[in-house]
Amino acid sequence: MSASIRPMRVADIERVTVLEARIFKDAWSAPMFDAELTAPHRAWFVAEEAGEVVGYGGVGVFAATDAHLMNLAVDESLRGRGIGRRLLASISGAAAAMGASRITLEVRPSSTAAIALYESEGFAHAGTRPGYYDDEDALIMWGELSPPAEIILAIESSCDETAAAIMRGGTELLANVVSSQIDFHARFGGVVPEIASRKHTEAIVGVIDEAMEQAATALGKERFEFADLDAVAVTYGPGLVGALVVGVAYAKGLAMGAGLPLVGVNHLEGHIFANVFADAEVAPPLIALVVSGGHTSLVHMPEWGVYRTLGETLDDATGEAFDKVAKVLGLEYPGGPILSRLAETGDPAAINFPRAMLHSGDYAFSLSGLKTAVINHIRHEREAGREIDVPDLAASFQAAVIDVQIAKAVRAVTETQATSFCLAGGVAANPALREALRAAIEPLGVHVSVPPLHLCTDNAAMIAAAAHYRYWRGDRLGLDAEPLPGLRLDTE
Ligand code: KG4
Ligand code: ZN
């Protein structure tokens, strides 16, 4: 049997502390491990065999490019089987994924097996730290970390886009294919779940084949095979269950058939990672405003992989409000982009629409009142026999939406002291919103990122970028995983 490596959880601490006390003279206590699990820039892993934790280790990234191996230990009776080496590989990969280029550690001169492991992994001796342990000096060692170069195939099928992307090392896009079904839904004025599911089923094999061909071309190879992949990633929620299940079933089959690890990604996390992928300066602590056809939320990401939703819409999503207003005006689905183009020539001050929840003192949004006010205005004008100035109406509606979102976004970055701000989701393509957020947030000294337009709407490149971090953190989805239409982003 071989041990599996996974992230350490709070529930592991009791067992880890028992091992630690047995292995080391000046052992770490449970509160020390507990503090590590919530500390910034850390990654902790355990090795598990037959349901029992048999090894553990962790790393911290401190001076941006320098990682420190905090601890690494394997049950005495299971040594010599490569468990320590595999824990070290996860630790090194996580440190590199967090941006470190080298790693240091202290080790007891009497731990000859550990020293041999580090030496064989390329660590070099760099002096001693006198009196580091109660009864011994410490040897200091340094190792170089290679940039992560794992190749991940990511699949996205949560709504009306069937998409696949292949990415190397979290930054290099080898393939990016998006097959939109929007035309099949347009005549119904919205996404029809049954049609979405059927169209994903029809499209998925072709989309993946095309991604594999693009990757072959990008790598200058005759063929790119599933065996060339290191992992398969998939959006497993939130979204339409009948749509998600197509991607999840394909990903599970591929993971099982090709013997690859399966990484699950939250769709909203994907939208946030469109920014991380496109803009190397984006880093936690960050605030993301996620605005799409199904979501409107302000998310705080204090650390890589840690999410806290500060607030969200109580009713309609932003894209949904754009689409519904557009529908009443007789515009085609999806009306958001059309309405935003019309707004460009309109006067945002022409009609004073309500700014719901502007002063609510929290991060909640409400868009249905605004939508109703706009629809009532249109009816009222029509009944009075007056011509509606559509650009003025579009601009005034858009301004009401943007005012509230700016005010809450500014408050969120100020209150959390975030250093980056990301706009994410389909509505991130809205030029007025992009511009207004930049103008409001950049003067606060916060880095503002808006994704390139082709990464705003649903795609799998953003899923691959999010999967890169999950992959190196050791997050895995079991082959019994189900799609979760209501999946939450929050980690605590
Ligand atoms: O993220 P996305 O592709 O799908 C969901 O996960 O919902 O977002 C699509 C939504 C649609 O409601 C669409 O009308 C809206 O994004 N949208 C826009 C603009 N471009 C797309 N809304 C306002 N202005 C735009 N320029
Ligand atoms: Zn989306």
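Note that ligands are numbered from 1 as they come in the structure, with each ligand's atoms numbered from 1 the same way.
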Novice: Pull out every atom of ligand 1 sitting under 4.0 Å from any heavy atom of Gly294, numbered as shown with elements.
Specialist: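 Taking each heavy atom of Gly294 in turn, ligand 1 has 7 (O) under 4.0 Å.
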Novice: Among pairs that include at least one residue of residues 349-377, which meet ring-ring contact (aromatic ring centres under 6.0 Å, His included), considering only residues two or more places apart or in two chains?
Specialist: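 Checked against ring-ring contact (aromatic ring centres under 6.0 Å, His included) - neighbours excluded - the pairs reaching residues 349-377 are Phe353-His377.
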Novice: Can you tell me which residue and heavy atom of the protein come closest to atom 15 (C) of ligand 1, and the distance to 0.1 Å?
Specialist: Val427 CG2, 3.9 Å
Novice: Take atom CZ of Arg382 as the centre, draw a 6.0 Å sphere, and report whether it contains more than 12 heavy atoms from other residues, nucleotides or ligands.
Specialist: yes
Novice: So which heavy atom in the protein is nearest atom 14 (O) of ligand 1, and how far is it from that ligand atom?
Specialist: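 The closest one turns out to be Asp323 OD1, 2.6 Å.
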Novice: Partners of Arg476 by salt bridge (Lys or Arg N to Asp or Glu O under 4.0 Å), sequence neighbours excluded?
Specialist: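 If we apply the salt bridge (Lys or Arg N to Asp or Glu O under 4.0 Å) test to Arg476, skipping adjacent residues, there are no hits.
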Novice: Are any of the N/O atoms in Glu161 less than 3.5 Å from those in ligand 1?
Specialist: no
Novice: Taking heavy atoms and a distance under 4.0 Å, where does Ser340 meet ligand 1: side chain, backbone, both or neither?
Specialist: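 Ser340 to ligand 1: side-chain contact only, backbone stays beyond 4.0 Å.
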Novice: Does ligand 1 have any atom sitting under 4.0 Å from a heavy atom of Cys159?
Specialist: no
Novice: Among Gly426, Ala274, Pro431, Ala429, whose heavy atom sits nearest atom 21 (C) of ligand 1?
Specialist: Gly426
Novice: Within less than 4.0 angstrom of ligand 1, does His271 place any heavy atom?
Specialist: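 His271 counts as a contact of ligand 1 under the 4.0 Å cut-off.
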Novice: Quick one: does His267 get within less than 4.0 Å of ligand 1, heavy atoms only?
Specialist: yes
Novice: Which residue supplies the protein heavy atom nearest to atom 19 (C) of ligand 1, what is that atom called, and how far is it?
Specialist: Pro337 N, 3.7 Å
Novice: Checking side-chain contact (heavy atoms from CB on, under 4.5 Å) against Thr296, which of Glu320, Gln405, Glu312 comes through?
Specialist: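 Going through Glu320, Gln405, Glu312 one by one, the side-chain contact (heavy atoms from CB on, under 4.5 Å) with Thr296 is satisfied by Gln405 alone.
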Novice: Between Gln214 and Ile166, is any pair of side-chain heavy atoms under 4.5 Å apart?
Specialist: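 Sidechains of Ile166 and Gln214: no contact.
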Novice: Would Thr235 and His267 count as having a side-chain donor-acceptor pair, cut-off 3.5 Å?
Specialist: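 Note: Thr235 and His267 side chains miss the donor-acceptor criterion.
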Novice: Kindly state whether the ring of Tyr333 and the ring of Phe188 have centres lying under 6.0 angstrom apart.
Specialist: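 No; Phe188 has its ring centre 6.0 Å or more from that of Tyr333.
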Novice: Would you call Arg470-Glu269 a salt bridge at under 4.0 Å N-O?
Specialist: yes
Novice: Run through the protein N/O/S atoms less than 2.8 Å from the Zn ion (ligand 2) and write them out by chain and number.
Specialist: His267 NE2, His271 NE2, Asp458 OD1
Novice: Which protein non-hydrogen atom lies closest to atom 22 (N) of ligand 1, naming both residue and atom, and how far is it?
Specialist: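 For atom 22 (N) of ligand 1, the nearest protein heavy atom comes out as Gly336 CA, 3.6 Å.
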Novice: Side-chain donor-acceptor contacts of residues 395-403 below 3.5 Å, not counting sequence neighbours, with atom names and distances?
Specialist:
from	atom 1	to	atom 2	distance (Å)
Ser396	OG	Asp347	O	3.3
Ser396	OG	Ile351	N	3.1
Ser396	OG	Asp392	O	2.8
Gln398	OE1	Asn430	ND2	3.0
Asp403	OD2	Arg355	NE	2.9
Asp403	OD2	Arg355	NH2	2.9

Novice: Can you confirm whether Glu332 is buried at CD, in the sense that more than 12 heavy atoms of other residues, nucleotides or ligands lie under 6.0 Å from that atom?
Specialist: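 No, because the 6.0 Å sphere around CD of Glu332 holds 12 heavy atoms or fewer from other groups.
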Novice: Measure the distance from atom 24 (N) of ligand 1 to every protein heavy atom, then report the residue, atom name and distance (to 0.1 Å) of the closest one.
Specialist: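 Answer for atom 24 (N) of ligand 1: Asn430 ND2, 3.0 Å.
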Novice: Side chains of Asn176 and His454: is there a donor and an acceptor less than 3.5 Å apart?
Specialist: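 Their side chains do not contain a donor-acceptor pair, so the 3.5 Å distance test is not met.
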Novice: So do Lys408 and Leu298 actually touch side chain to side chain, heavy atoms under 4.5 Å?
Specialist: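 Counting from C-beta outward, Leu298 and Lys408 do come under 4.5 Å.
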Novice: Which option out of Ala317, Gly319, Gly293, Ala428 puts a heavy atom nearest to atom 9 (C) of ligand 1?
Specialist: Gly293
